[in-house]
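Predicted model only: the values in this text are computed from it and were never measured.
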Amino acid sequence: MEGQMIPMKKSEPLFVRPETKTTSDSNDEFYFLSNLDQNIAVIIQTVYCFKANNDNKSSTEGIGDVIKQALAKVLVHFYPLTGSLTISSDGKLIVKCTNRGVPFVEAMAECDLDVLGDITVPDPSMLEKLVYTVPGATNLLEMPLLTAQVTRFKCGGFVLGMTINHCLTDGITAMGFVNSWAETARGISPSTPPFLDRSILTSRQPPNIKFPHEEFLEIKDISNMVSLYQQDQMVFKSFDFDPEKLARLKKIAMEDGVIKSCTSFTVLTALVWRARSKVLKMKPNQQTKLLFAVDGRSKLIPPLPKGYFGNGIVLTCCLCTAGELIEKPLSFAVGLVKNAIKMVTDEFIRSTIDYFEVTRARPSLTGTLLVTSWTRLAFNTADFGWGEPIQSGAVTLPEKEVVLFISSGKEKRGTTLLLGLPLTAMKAFQELMQV
């Protein structure tokens, strides 16, 4: 079902501002973003689908007003989201507290919610109609930090579409915001108020870099992967791994006795990294890098405060040649992933913060796979008064190098991985996923 098949009427965006004065009204003109916020300035677009109460289609008639009023209330606590992104005098991203507000759009679709089908697999051509993006905005400084769109369908069901800038929130923070917004819509005060002071992650003076930080390494594309992406159509697919399949994978990874244990995350990450390197026809001496985010909240000393508003994640890295990765058994890649997780300590995170302070480097994605896991995020808990979402998902993946893991199955005990690849590479990749 292609995007143009959802006929809908959209309102002009209204700017929703905090309902009452915020601390920024009497405070600073700028809101500090830490060095962990700097490297992930991409727009994340998500949609949440809700059914009408008891299939009573009129029950959602005022849904736009309910969500808009709740937004005005919750923004009192999350006021940085109403500002604008700008560059500070020392060349870093910072929020200017303009209190410009959050663009809010209401839409009416001329069809039922079930036309969306399963939205687990990103389908930008269809789903992008359900989120609001500023027409003509060409760079991040022109894009709002947050936008919201409520689309009501003929059946009475509705979709909340949201865009948010990753430099303001990681997955945990974004879900904290959405759940606070939902609680506010139900007349409840947010159960976890945001802790807004990001200066607790300021770099040390003088900076003290103790690790090589290969996550920022520039890799040469000696395998001509760029042309593969240019020549072929990009296709998105999802692959389900139920508990039985995950158990089989772990058994394969451990059968040579090199590793004694592995988690679903480590074995799936290793599997995808190897398979993707193979189908992109990387040459044996092509360096390949794996990046993934580790939640540093509990690893910092002291741990980040509850409700910390900002990125508490840090990228960690594995690096080897494609030949080594593909020719050696799965246990080799799993071992690299396990070591990369172990590396993330308080000292590593502080070193990462200091490294950016000194170099202003951004992670290079050439020859790289970036795994993002949403399996521990409670995406389906946001109840705005009409029950929890019947499904939720990403509109698209932010970069072609990104693979997304989400929970699947009845008890959410399985994992679904989503990725995009050039068409010919995807055909080969599908065969390698038959475990």
Quick check on [X]: does its [atom1] atom have over 12 non-hydrogen neighbours (other residues, nucleotides or ligands) under 6.0 Å away?
X      : atom1 : answer
Gln205 : CD    : yes
Arg204 : CZ    : yes
Lys281 : NZ    : no
Lys96  : NZ    : no
Lys278 : NZ    : no

Non-hydrogen side-chain atoms of [X] and [Y] separated by less than 4.5 Å:
X      : Y      : answer
Asp65  : Glu106 : yes
Leu168 : Thr173 : no
Val150 : Val66  : no
Tyr355 : Phe211 : no
Thr60  : Phe153 : no
Leu419 : Leu369 : no
Leu280 : Pro422 : yes

So does Glu183 pair up with Lys73, basic N to acidic O under 4.0 Å? no
Full working for side chain to side chain contact (heavy atoms under 4.5 Å, CB included) between Phe241 and Val267: CA-CA 11 Å; Phe241 289 82; Val267 78; over 6 Å; no
Calculate, to the nearest 0.5 Å, the distance between atoms CE and CE belonging to Met433 and Met426 respectively.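 Here the interatomic distance stands at 10.0 Å.
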For Gly117, does its backbone N or O pair with a side-chain atom of Gln391 as donor and acceptor, under 3.5 Å?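 Looks like yes, one N/O pair under 3.5 Å.
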Does any N or O in the side chain of Trp386 come within less than 3.5 Å of the main-chain N or O of Ser59, such that one atom is a donor and the other an acceptor? yes
Evaluate the side chain to side chain contact (heavy atoms under 4.5 Å, CB included) criterion for residues Glu128 and Thr133: first the C-alpha distance (whole Å), next the side-chain angles of each, then the deciding distance (0.1 Å), finally the verdict. CA-CA 9 Å; Glu128 65 192 5; Thr133 51; over 6 Å; no
Parallel, tilted or perpendicular: ring planes of Phe50 versus Phe384, cut at 30 and 60 degrees: perpendicular
For the residue pair Asp240 / Ser238, report whether a side-chain donor-acceptor contact shorter than 3.5 Å exists.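 There is no such pair between these side chains.
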Does Tyr132 have Lys10 sitting over its ring (NZ/CZ under 6.0 Å from centre, angle to axis within 45°)?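 No - Lys10 does not lie over the ring of Tyr132 by the 6.0 Å and 45° rule.
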Donor-acceptor contacts, no H, no angles, side chain residues 308-325, under 3.5 Å, sequence neighbours left out:
| unit_1 | atom_1 | unit_2 | atom_2 | d |
| --- | --- | --- | --- | --- |
| Asn311 | OD1 | His166 | ND1 | 3.3 |
| Asn311 | OD1 | Asp170 | N | 3.4 |
| Asn311 | ND2 | Asp37 | OD1 | 2.8 |
| Asn311 | ND2 | His166 | O | 2.8 |
| Asn311 | ND2 | Cys167 | O | 3.4 |
| Thr316 | OG1 | Ala340 | O | 2.8 |
| Thr321 | OG1 | Glu324 | N | 3.2 |

